[in-house]
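See structure below.
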Protein chains: 2
Amino acid sequence: MNIRQLSFRLLEVFMSVVKTGSISETARQLHLTQPTVSLQIKRLQEAVNEPLIIMQQQKLQVTEAGLHLFRTCEQVFGHFDDYQDYLAELKGGERGRCKIAMVNTAQYILPKLLGPYSNAHPHVELPLEIGNRSAVLARFERGEDDIYVFSHPPSLEHAQAARFLHNPLVFIVPFDHSLADVKALTLADLMPYRFLLREPGSATRMLFESELQSRGLVLSDSVQMASNEAIRVAVSSGMGIAVLSHHVLPKGDNSFKVLNVTDTCLASHWYFVVRTDRHISHAARSFIKFAQLNLEQYLDKQWVRNELNGLNLH
Amino acid sequence: MNIRQLSFRLLEVFMSVVKTGSISETARQLHLTQPTVSLQIKRLQEAVNEPLIIMQQQKLQVTEAGLHLFRTCEQVFGHFDDYQDYLAELKGGERGRCKIAMVNTAQYILPKLLGPYSNAHPHVELPLEIGNRSAVLARFERGEDDIYVFSHPPSLEHAQAARFLHNPLVFIVPFDHSLADVKALTLADLMPYRFLLREPGSATRMLFESELQSRGLVLSDSVQMASNEAIRVAVSSGMGIAVLSHHVLPKGDNSFKVLNVTDTCLASHWYFVVRTDRHISHAARSFIKFAQLNLEQYLDKQWVRNELNGLNLH
DNA sequence: TTACCTCATAGGTTTTTATCTATGAGATAC
DNA sequence: GTATCTCATAGATAAAAACCTATGAGGTAA
């Protein structure tokens with residue numbers, strides 16, 4: 001038997017003949033002519049090199065070998081049916097994987113979406129990568145993930161990005177800092193104080209520094225720290241003051257205070273970024289769709305900027 | 001996914017690509033050119049309508065859907081391998097069925113071959129049909145069996161026959177019959193006695209009657225009985241005399257005696273008969289081969305007439 | 001007998017498939 | 001920078017597959 005000359009169509013026709021017990025009937029059911037079916041069976045028998053169906057007293061009789069082949073076909077088609085089911089789930093976004101890489105800061109907001117999504121789609125794997133901006137950028141360059149979360153999206157040559165959340169930056173000081181209760185401050189008022197900053201390249205820092213530069217201001221003292229957590233705690237304990245995303249601040253924590261700086265409005269947005277040169281997994285598409293529909297429900301409504309319909313997910 | 005545009009060849013190539021992790025390597029192994037393999041994969045992906053293999057950092061990466069398909073293929077090819085094994089056994093005569101129809105008398109000799117054959121080929125089904133000549137002839141006409149056993153084969157229009165055993169007919173009388181110990185008898189000497197005969201049409205009876213006719217002899221009295229067994233027992237108990245196949249006589253039974261009729265040599269042969277207009281099953285072929293090689297071993301050497309090589313089993 | 005089934009076969013057409021060669025774009029290796 | 005891999009794509013061809021119509025042989029049923 002040469003499996004290479006078998007085709008699924010041939011087997012389909014054969015199965016129908018076995019089931020109906022008639023070549024003409026099969027032809028009618030499959031919208032073929034009777035000679036076509038006869039010929040297919042003949043060819044199948046030649047491929048198998050063994051009679052499968054024989055005429056016996058004007059009736060078709062399936063031989064042993066034919067019956068065996070029939071059962072084999074049933075199993076084979078069963079496997080393909082299973083695969084089709086799997087594919088359907090995969091394409092429906094019910095299965096599969098959606099790898100997301102995000103910059104550190106995003107870990108304060110994204111889980112609010114990921115949790116509900118994961119509950120709604122339990123078969124979707126959701127591996128997360130969290131790193132600083134340069135690490136995530138490197139992953140982005142290599143196209144290692146399905147979705148990237150940035151404030152300040154990278155060059156959009158091979159990517160598209162869409163905002164989903166406003167990301168206001170605020171200045172914080174220890175709760176007992178001398179500026180804490182001043183009604184209206186200017187950015188210049190903060191310059192004398194020591195600033196606790198993330199590494200260069202972090203979106204927050206970039207935004208802040210470009211603001212300073214454009215205004216001709218210079219920090220008198222700054223300290224670099226590796227995480228927003230560390231900065232917040234350091235501010236609370238009086239090491240200095242900082243500019244941080246509003247979203248990273250725990251609510252109801254009184255160990256620091258947000259300043260009222262009237263001449264400055266620093267803000268960026270959170271973006272979902274996908275590469276345009278890579279096929280978007282169905283799971284990723286499904287996640288973005290989910291986000292699009294449920295941003296308001298799971299994130300603070302006041303900051304939501306739902307522009308996800310701008311994404312063209314092929 | 002449209003299964004109709006899938007071919008086994010396509011899946012074979014796909015599996016090879018997954019295994020080697022390289023399109024070029026697959027091309028080398030399958031003696032194809034690299035573009036051919038590329039194209040096959042592309043076509044498969046179009047059929048499935050889902051990426052199966054993607055380029056990632058200059059390396060081929062199998063997607064989820066691809067891996068799933070690969071596993072599906074493994075199973076499918078496994079089933080066909082099983083079927084191939086089955087076919088091989090079938091074609092080797094190790095499996096399948098060999099239906100044999102024989103006339104009554106043959107049941108005294110054929111089991112001596114069937115037993116050893118069945119032991120040597122335990123997976124071959126051997127359904128037997130035993131009937132009188134006309135019943136077996138009817139089966140033969142309809143082509144219901146693979147092998148027929150006749151003495152006196154039917155018209156050979158759609159059949160071929162080959163002798164395998166001499167079938168001498170002998171005259172028996174009760175052990176205390178007046179003829180029992182006569183040294184030399186003629187056929188005419190037997191005419192006055194009552195003959196116990198099988199039904200008209202039975203080969204034995206036909207042979208006997210044609211001999212009588214050609215010699216101008218007429219039976220004075222005859223009784224018809226349905227089986228050789230019945231005749232033998234009836235002879236033993238004095239109901240008359242009979243002409244029977246030597247093979248149906250149990251050895252060491254002293255309740256009857258074989259006459260020494262010097263002017264008559266009635267004999268036929270046992271034939272295996274197969275139809276020429278029907279495919280001969282591998283099992284049937286295998287049985288005849290077995291008989292051909294082992295006749296002398298399992299049947300009384302003295303009567304064997306091995307002409308089975310005369311059968312042309314296509 | 002005729003009409004009407006069955007399946008088989010011959011002969012032909014149109015797609016599809018399985019290949020190839022040639023060529024190009026990227027990446028790596030020296 | 002050049003050679004040498006990788007894979008992708010375009011264009012061409014020869015074989016095959018998948019059908020069809022027409023026709024015939026053999027059987028059943030009115």
Side-chain angles (χ1 to χ4, degrees), chain A residues 2-48 51-63 66 141-143 157-158 275 277-279, chain B residues 2-48 51-63 66 141-143 157-158 275 277-279:
Chain A
N2 187 356
I3 202 168
R4 282 177 55 172
Q5 47 192 294
L6 261 51
S7 79
F8 287 101
R9 179 54 168 166
L10 218 52
L11 298 180
E12 245 172 24
V13 172
F14 168 68
M15 286 185 80
S16 174
V17 171
V18 172
K19 279 189 205 145
T20 62
S22 155
I23 287 183
S24 301
E25 182 54 28
T26 293
R28 267 174 245 122
Q29 288 187 12
L30 301 187
H31 308 294
L32 296 170
T33 60
Q34 169 265 314
T36 299
V37 178
S38 283
L39 203 65
Q40 299 279 56
I41 296 298
K42 194 177 170 194
R43 276 192 34 225
L44 181 59
Q45 297 190 136
E46 276 163 13
V48 173
L52 302 171
I53 284 172
I54 51 182
M55 285 287 284
Q56 189 96 333
Q57 314 292 126
Q58 307 330 109
K59 285 214 157 184
L60 291 191
Q61 178 104 25
V62 182
T63 64
E141 289 302 336
R142 290 193 298 271
E157 200 181 341
H158 296 296
R275 295 196 62 111
D277 56 355
R278 261 193 73 184
H279 185 85
Chain B
N2 188 356
I3 201 169
R4 280 178 56 173
Q5 45 192 296
L6 261 52
S7 77
F8 287 100
R9 178 55 167 167
L10 218 54
L11 299 179
E12 245 173 24
V13 171
F14 168 69
M15 286 185 80
S16 174
V17 171
V18 172
K19 279 189 207 148
T20 62
S22 154
I23 287 184
S24 302
E25 182 55 26
T26 293
R28 267 174 244 120
Q29 287 185 12
L30 302 187
H31 308 294
L32 296 170
T33 60
Q34 169 265 314
T36 298
V37 178
S38 282
L39 202 65
Q40 299 280 54
I41 296 299
K42 194 179 172 194
R43 277 193 32 224
L44 181 59
Q45 296 190 138
E46 276 161 13
V48 173
L52 302 171
I53 284 172
I54 51 183
M55 285 287 285
Q56 189 95 336
Q57 315 291 125
Q58 308 330 112
K59 283 215 162 186
L60 291 192
Q61 177 105 26
V62 181
T63 65
E141 288 304 333
R142 291 193 297 272
E157 201 183 341
H158 296 296
R275 294 195 63 109
D277 57 353
R278 263 192 72 186
H279 186 84

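Every chain is numbered from 1, with letters handed out A, B, ... down the list of sequences. In what follows, every heavy atom counts, from backbone to side chain, and hydrogens, waters and symmetry copies are set aside. Since the structure is predicted, the reported quantities are computational estimates derived from the model, not experimental observations.
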Which whole-number value in Å describes the distance from B/L6 CG to C/dA18 P? 10 Å
Residue met sooner reading DNA chain D from 5', once A/H31 and B/E25 are mapped to nucleotides: B/E25
Choose from C/dT9, D/dT6, D/dA18 the nucleotide whose nearest atom is closest to any side-chain atom of B/S24. D/dT6
In whole angstroms, the gap separating C1' of C/dC7 from CD1 of A/I23 amounts to 6 Å
Interatomic distance, A/L44 CG vs C/dA8 P [rounded to whole Å]: 13 Å
A/Q61 CD - C/dT6 P separation (whole Å): 18 Å
When you measure from the side-chain N and O atoms of B/T36 to the phosphate of C/dC20, is any distance below 4.0 Å, counting only OP1 and OP2? yes
Heavy-atom side-chain proximity of A/L6 to A/F14 below 4.5 angstrom: no
Does the side chain of B/S38 come within less than 4.5 Å of B/Q34's, by heavy atoms? yes
Side chain of B/P35 only, heavy atoms from C-beta on: which candidate in C/dT19, D/dC19, D/dA10 is closest? D/dA10
Rounded distance in Å - NZ (B/K42) to P (C/dT16): 16 Å
Does a side-chain heavy-atom distance below 4.5 Å link A/L52 with A/I41? no
From CG of B/L11 over to P of C/dA18, roughly how many Å is that when rounded to an integer? 10 Å
Base, sugar-phosphate, or nothing for B/R28, non-hydrogen atoms under 4.0 angstrom? sugar-phosphate
Sub-4.5 Å side-chain heavy-atom contact between B/V62 and B/V17: no
Is A/S7 close enough to D/dA17 that one of its side-chain N or O atoms is under 4.0 Å from OP1 or OP2 there? no
A/T33 has its side chain closest, among D/dT21, D/dT9, C/dT17, to D/dT21
Just verifying a value: how many Å separate B/Q45 CD and B/T63 OG1, rounded to the nearest 0.5 Å? 7.5 Å
Does B/Q40 contact C/dA18 through a side-chain donor or acceptor facing the base, at a distance under 3.5 Å? no
With sugar-phosphate meaning primed atoms plus P, OP1 and OP2, does A/L32 contact a base, only sugar-phosphate, or nothing at under 4.0 Å between heavy atoms? sugar-phosphate
Please report, rounded to the nearest Å, how far the P atom of C/dG12 is from the CG atom of A/L39. 15 Å
If the threshold is 4.0 Å, N to carboxylate O, is there a salt bridge linking A/R9 and A/E12? yes
Given C/dA8, is OP1 or OP2 found less than 4.0 Å from the side-chain N or O atoms of A/S38? yes
Among D/dA18, D/dC20, D/dC7, the one nearest A/L10 by side-chain distance: D/dA18
Taking the side chain of B/M55 as its heavy atoms from C-beta onward, which of D/dC7, C/dC20, C/dT9 lies nearest to it? D/dC7
Measure from CG on B/L30 to P on C/dA18 and round the result to the nearest Å. 13 Å
Please figure out whether B/R43 or B/Q34 has its closest DNA chain C nucleotide nearer the 5' end. B/R43
